[in-house]
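Residues take their numbers from the sequence shown, with the count starting at 1. Because the structure is a prediction, the values reported are computed rather than measured. Values below: all heavy atoms of this structure, side chains included; hydrogens, waters and symmetry mates excluded.
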Amino acid sequence: MMMVRKSKGITDKHIKVLEFVNEYQLRNGRPPSIREIGEKVKISSTSVVNYYLLQLEKMGYLERDNRVSRGMRLTDKVNQVVQAGNTLHVPILGPIAAGIPLPELEPGASYITENEADAVAIARTLLPSKEKGDNLYALRVQGDSMIDAMINDGDIVVMKQANEARNGEMVAVWLPNENAATLKYFFKEKNGYRLQPANPTMKPRFIKKTEPLEIKGKVVMVIRRME
């Protein structure tokens, strides 16, 4: 759970609601439903959840549009109760698409920045438990080869720098012979490597061991494109 500081008039329950709304939106690219908020913060009544949201709206922490499903938006004031130190700004270094080289990465370098331009904000609590947030960068997905993995065109994948991978891990790969980049599941085969899409209409790619293949990173998080 994020570390927070209270401001006048806000309670621990209000803060838990704000934390969950913030984390859910970062993970899914849209606000949670009233029922999802209630389940997370242990409020059984949707009317009570609405009561807390109305109070937060009056205090200026969020804006709501009751005409729209999930019609809420956090305001900048939320940063007063959710400390900035618990949010990483991971730069989006470019697209991952065939024919576009992946960025050259300095081994061990940190790409976390305080500059929010061309970066994606990630709550540390959303990262895998063993992930400290070091050596992360982000790429914008182009294409639909991973749609069955819930990764669509325009989504952002947060990558951990790596040059090796285990079977079944989702990785960003650069194929120098083809001047092509791709995001696929990685498998070692007897005579080479299999790059498996998550799209039933697409066939896997088989790369011989004699052909160059560069793993550039592993996917640690997917951030949905907001419509």
Side-chain angles (χ1 to χ4, degrees), residues 20-33 35-37 40 65 68-74 87-103 105 111-112 116-128 131 133 135-162 165-175 178-187 193-207 213-227:
F20 176 64
V21 173
N22 183 56
E23 293 175 3
Y24 186 100
Q25 181 141 345
L26 284 172
R27 184 187 299 116
N28 299 284
R30 58 188 173 88
S33 67
R35 189 172 301 280
E36 286 168 330
I37 296 173
K40 180 64 178 182
D65 184 350
V68 179
S69 176
R70 302 174 185 259
M72 71 179 76
R73 184 185 72 83
L74 295 177
T87 301
L88 301 175
H89 290 96
V90 180
I92 302 172
L93 299 186
I96 179 163
I100 300 178
L102 290 169
L105 304 172
Y111 290 87
I112 305 304
E116 296 184 19
D118 297 320
V120 59
I122 301 173
R124 289 182 185 271
T125 52
L126 297 182
L127 294 172
E131 180 57 60
N135 307 325
L136 298 179
Y137 65 97
L139 299 171
R140 194 177 300 278
V141 176
Q142 292 185 355
D144 57 3
S145 68
M146 302 301 288
I147 56 173
D148 278 5
M150 303 300 291
I151 300 177
N152 299 311
D153 183 69
D155 288 347
I156 294 169
V157 285
V158 178
M159 310 294 299
K160 174 79 171 182
Q161 290 186 53
R166 298 177 181 175
N167 282 354
E169 290 185 318
M170 191 186 302
V171 299
V173 174
W174 175 247
L175 304 172
E178 301 179 19
N179 196 39
T182 187
L183 182 72
K184 296 288 186 295
Y185 288 119
F186 176 83
F187 294 92
Y193 308 98
R194 171 164 53 94
L195 304 178
Q196 182 69 46
N199 184 329
T201 67
M202 296 183 177
K203 296 180 179 180
R205 294 288 311 281
F206 293 94
I207 309 298
L213 177 150
E214 300 175 14
I215 294 174
K216 294 292 188 177
K218 302 178 184 180
V219 175
V220 298
M221 177 183 291
V222 180
I223 298 175
R224 312 295 178 207
R225 178 185 59 181
M226 294 185 67
E227 298 295 343

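No side-chain heavy atom of Lys184 sits under 4.5 Å from any side-chain heavy atom of Val173. Put simply, the side chain of Ile156 does not reach to within 4.5 Å of the side chain of Val141, judged on heavy atoms. For the pair Phe186/Leu195, a side-chain contact is recorded, criterion being any heavy-atom separation below 4.5 Å from C-beta on. A 4.5 Å side-chain heavy-atom check between Lys160 and Leu136 finds at least one atom pair inside the cut-off. Annotation: side chain of Ile215 is not in contact with side chain of Trp174 (no heavy-atom distance under 4.5 Å). Proximity of Ile37 to Met72: side-chain heavy atoms (C-beta onward) are separated by under 4.5 Å at one or more points.
Across all their heavy atoms, Pro200 and Asp148 have their closest contact at CD-OD2, 3.2 Å. A pairwise comparison of heavy atoms in Phe187 and Gly168 identifies CE2-N, 3.5 Å as the closest pair. Annotation for Glu214 and Lys216: closest pair OE1-NZ, 3.3 Å, computed over non-hydrogen atoms.
Applying the side chain to side chain contact (heavy atoms under 4.5 Å, CB included) criterion to Glu36, with sequence neighbours excluded, gives Phe20, Tyr24, Pro32, Ser33, Arg70. Applying the side chain to side chain contact (heavy atoms under 4.5 Å, CB included) criterion to Ile147, with sequence neighbours excluded, gives Asp144, Asn152, Asn199.
A salt bridge links Glu178 with Arg205: at least one charged nitrogen is closer than 4.0 Å to a carboxylate oxygen.
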Evaluate the side chain to side chain contact (heavy atoms under 4.5 Å, CB included) criterion for residues Val219 and Met159: first the C-alpha distance (whole Å), next the side-chain angles of each, then the deciding distance (0.1 Å), finally the verdict.
-> CA-CA 5 Å; Val219 175; Met159 310 294 299; 3.6 Å; yes
